[in-house]
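Notes follow once the structure below has been shown.
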Amino acid sequence: MKIIVCIKQVPDTTEVRIDPVKGTLIREGVPSIMNPDDKAGLEAALRLKDELGAHVTVISMGPRQADTVLREALAMGADAAYLLTDPAFSGADTWATSSTLAAAIGKLDYDLIITGRQAIDGDTAQVGPEIAEHLGIPHISYCRDLKIEGDEIVVKRQFEDRYQILSAKLPALITALGEMNHPRYMTPGGIFDAYREKEVVIWSRNEVPVADGNIGLKGSPTRVVKTNPKMLKQPGTVIEAGVEESVQYVMAKLKEKYIL
Amino acid sequence: MDFNLSKEHLMAQQLFHDFAVNEVEPWAEQTDEEHRFPWEVVREMQKYGFMGIPFPKSVGGQGCDTLTYVLAVEEISKVCATTGVILSAHTSLAADAIFMHGTDQQKEQYLCPLAEGKKLGSFALTEAEAGTDAAGQQTKAVLDGEEWLINGSKIFITNAEVADIYIVFAMTDKAQGTRGISAFIIEKGTPGFSFGPPEKKLGIRGSSTCELIFENVRIPKDNLLGREGKGFGIAMSTLDGGRIGIAAQALGIAEGALEKTIRYVKERKQFKTPIAKFQNTQFSLAEMKTEIEASRWLVYNAAIKKDTSKSFSNEAAIAKLKASKVAGDVTRECVQLHGGYGYIQAFHVERMMRDAKITEIYEGTSEVMKMVISGNLLK
């Protein structure tokens with residue numbers, strides 16, 4: 001079984017602060033991470049590899065620095081990595097991104113494509129399904145759980161208050177929810193192999209068979225007109241535990257915040 | 001000359017940091033308070049290859065290097081010094097002794113399961129009458145046909161009750177002095193091999209420390225590690241490596257305490273202002289940071305020397321002397337900056353101050369480090 005996992009490098013939004021004067025995101029000094037939903041998708045692929053012996057390829061479109069998240073994926077256990085990077089690709093909206101990724105994936109063998117539900121920086125949730133449309137294969141989004149049965153994938157598709165069980169003939173694409181699993185850690189040896197033994201294959205403009213009108217800023221039919229920061233209040237935490245345990249939790253939190 | 005970590009070392013450092021924060025720190029307080037061996041954490045470390053970081057893949061290791069191993073001990077010790085020493089004693093004392101001195105057969109039988117994380121290792125040199133004077137070994141080993149017959153006891157042994165494989169030193173020829181000491185590999189469960197009660201310690205309380213007792217213990221002749229009579233040299237060279245691990249542990253403790261303190265002084269208000277605004281606090285933080293950076297580069301230097309030079313004994317001693325002193329000084333100062341809150345358990349620096357002390361004592365006291373360093377100066 002051949003699996004392709006799409007990965008995006010994103011700023012760690014838990015560390016992003018807002019410039020109080022300009023009202024824009026302060027990106028300087030913010031660490032870049034593997035998008036959490038993508039990481040869950042990678043973990044799902046690696047579990048299939050553990051169970052069924054799949055070959056896992058990771059692919060990303062982005063600047064050269066995105067090499068880091070692909071190395072991380074290799075260190076977790078992925079077998080091959082591709083980075084689509086070229087000034088011509090930059091400024092892409094979801095259409096141009098999915099066109100580029102689909103064209104690159106079209107050069108590879110696959111039975112299953114996994115993307116994250118959405119990226120924490122853009123939050124569009126469009127790229128995964130669009131790749132499936134470009135490739136003409138079925139897709140199931142919001143995957144909470146999956147299994148392979150013969151030549152089909154069976155997916156638990158999560159909604160807020162219910163879920164569906166859907167199946168699709170392979171090859172197919174699914175988009176993974178971050179909640180579907182706890183991704184494994186890298187191993188120290190995996191990291192050394194990722195840098196010293198394995199390779200991140202670079203594909204630039206000429207190596208991706210996609211029309212000029214479908215890539216980069218020029219190939220993007222949508223434009224971001226304006227971004228308004230929204231100051232989010234931190235969500236509350238619900239503790240479902242006995243009285244004693246809940247009190248201990250609250251006390252520990254108060255101490256952690258130096259309130260007590 | 002390059003003081004930057006490579007990309008792979010930076011990524012490994014990030015891994016160890018994430019692992020320490022998510023998997024180790026949640027257990028740290030309970031580990032200390034209940035004197036409880038953190039099996040949950042150790043099992044995770046075993047699963048992710050942390051127990052064989054510097055060894056080649058051919059012997060079950062991760063194929064990294066001593067610097068990577070040091071980064072692991074450092075990051076883990078930032079949040080839990082107990083877990084730091086479990087990793088250190090296992091890797092650089094038990095496993096490394098077999099890696100450096102074992103036969104191919106011994107490596108396959110004993111080093112592979114240690115490096116793969118299937119078994120835990122321990123190293124037993126110290127005796128009641130043989131501390132710094134390690135040559136005063138009373139434990140005896142006598143060859144009896146195809147077996148060694150071992151009698152005696154070892155004290156203050158790290159990973160004692162929890163290990164599976166032990167490196168044990170014993171006199172094979174008392175008349176030869178240090179040249180009469182030999183090293184052996186002994187497995188848990190060998191008849192006649194038992195443990196004394198766990199020691200109650202000032203710090204690193206979750207680490208298993210007890211006496212090992214050998215009463216007519218019989219092990220195969222082939223479990224001699226290195227040549228007969230070469231045990232003292234094996235012990236000393238293995239301890240050189242172990243000291244780098246302990247220096248990394250000390251470095252981590254100091255860094256962990258400073259991190260907690262920086263957070264505290266920003267939030268703690270006195271005279272209607274955070275105490276971080278006071279110059280006394282600022283200068284104190286600056287001095288601690290400077291001392292920590294000085295020990296960091298000594299520790300990393302010793303680690304790099306272990307992989308690249310024939311001799312690293314002096315560098316290891318210098319690193320341990322400095323890092324352990326800094327760990328003691330920094331943790332005491334961090335408690336001071338916390339005031340009364342530093343003296344109670346909830347703020348962690350109290351534990352770190354207790355944990356720091358051992359780094360000036362085990363695997364050679366600071367006085368032994370000075371003997372090594374001055375010996376090199378005056379030879």
Side-chain angles (χ1 to χ4, degrees), chain A residues 7 9 12 14-15 29-34 36 39 42-43 46-47 50 64-78 81 83 181-200 245 247-260, chain B residues 6-20 22-23 25-26 29-30 44-57 60-65 67-72 75 87 91 115-117 260 263-269 274-275 338 341 344-348:
Chain A
I7 284 175
Q9 187 182 45
D12 187 349
T14 57
E15 307 248 343
V30 177
S32 293
I33 58 168
M34 190 187 301
K39 201 170 184 175
L42 174 60
E43 174 63 25
L46 294 174
R47 287 184 189 182
D50 293 343
R64 283 269 174 172
Q65 304 89 279
D67 176 85
T68 309
V69 288
L70 292 171
R71 302 277 177 192
E72 188 182 340
L74 291 170
M76 286 169 72
L83 175 60
N181 53 44
H182 290 289
R184 67 196 60 191
Y185 288 98
M186 300 176 277
T187 59
I191 293 171
F192 270 57
D193 285 352
Y195 277 102
R196 296 182 180 186
E197 312 278 333
K198 294 179 180 175
E199 185 190 5
V200 171
E245 211 177 314
V247 169
Q248 272 178 5
Y249 178 85
V250 171
M251 291 298 284
K253 280 284 166 199
L254 292 176
K255 279 182 188 166
E256 195 184 300
K257 307 262 181 212
Y258 303 113
I259 294 165
L260 285 181
Chain B
S6 70
K7 282 180 179 174
E8 44 269 51
H9 288 111
L10 281 172
M11 190 176 274
Q13 187 180 45
Q14 185 67 46
L15 161 67
F16 301 137
H17 172 267
D18 293 346
F19 183 90
N22 297 323
E23 311 298 331
E25 191 164 22
E29 214 171 328
Q30 189 187 2
E44 287 296 299
M45 293 202 299
Q46 290 176 325
K47 182 170 140 194
Y48 285 107
F50 287 20
M51 311 311 273
I53 294 169
F55 307 113
K57 287 179 191 166
Q62 291 287 306
C64 303
D65 52 22
L67 181 58
T68 312
Y69 154 70
V70 155
L71 294 171
E75 289 301 323
L87 176 59
T91 308
E116 286 165 358
K260 297 268 182 227
R263 226 187 113 186
Y264 179 80
V265 298
K266 284 183 184 170
E267 300 200 9
R268 170 69 171 168
K269 285 185 182 164
I275 62 172
H338 276 73
Y341 289 105
I344 60 173
Q345 281 183 10
F347 287 78
H348 306 287

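Atom set for the values below is all heavy atoms of this structure, side chains included, hydrogens, waters and symmetry mates excluded.
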Classify the ring geometry of B:H338 against B:Y264: parallel below 30°, tilted from 30° to 60°, perpendicular beyond 60°. parallel
Could you work out, with side chain to side chain contact (heavy atoms under 4.5 Å, CB included) as the rule, every residue matching B:K269, not counting sequence neighbours? B:P274
Audit row: B:E23, A:Y185, side-chain hydrogen bond (donor to acceptor under 3.5 Å, both in side chains) steps and yes/no: CA-CA 11 Å; B:E23 311 298 331; A:Y185 288 98; 2.6 Å; yes
Tell me, side chain or backbone of A:R196 under 4.5 Å from chain B's heavy atoms, or both, or neither? side chain
With distance as the sole test, does B:R263 use its side chain to make a donor-acceptor pair with the main-chain N or O of A:E256 at under 3.5 Å? yes
Output the residues of residues 65-72 of chain A for which the shortest heavy-atom distance to chain B is under 4.5 Å, in residue-number order; output 'none' if no such residue exists. A:T68, A:R71, A:E72
Can you name the side chain to side chain contact (heavy atoms under 4.5 Å, CB included) partners of B:K260, sequence neighbours left out? B:E25, B:H348, B:V349, B:M352
Under 4.5 Å from a heavy atom of chain A, the part of B:R268 involved: neither
Non-hydrogen atoms of B:T68 and B:A12 that approach each other most closely: CG2-CB, 3.9 Å
Can I get a per-line list of side-chain donor-acceptor pairs under 3.5 Å for residues 187-195 of chain A, giving both atom names and the distance, sequence neighbours left out?
from: A:T187; atom 1: OG1; to: A:G190; atom 2: N; distance (Å): 2.9
from: A:D193; atom 1: OD1; to: B:K57; atom 2: NZ; distance (Å): 2.6
from: A:D193; atom 1: OD2; to: B:K57; atom 2: NZ; distance (Å): 2.7

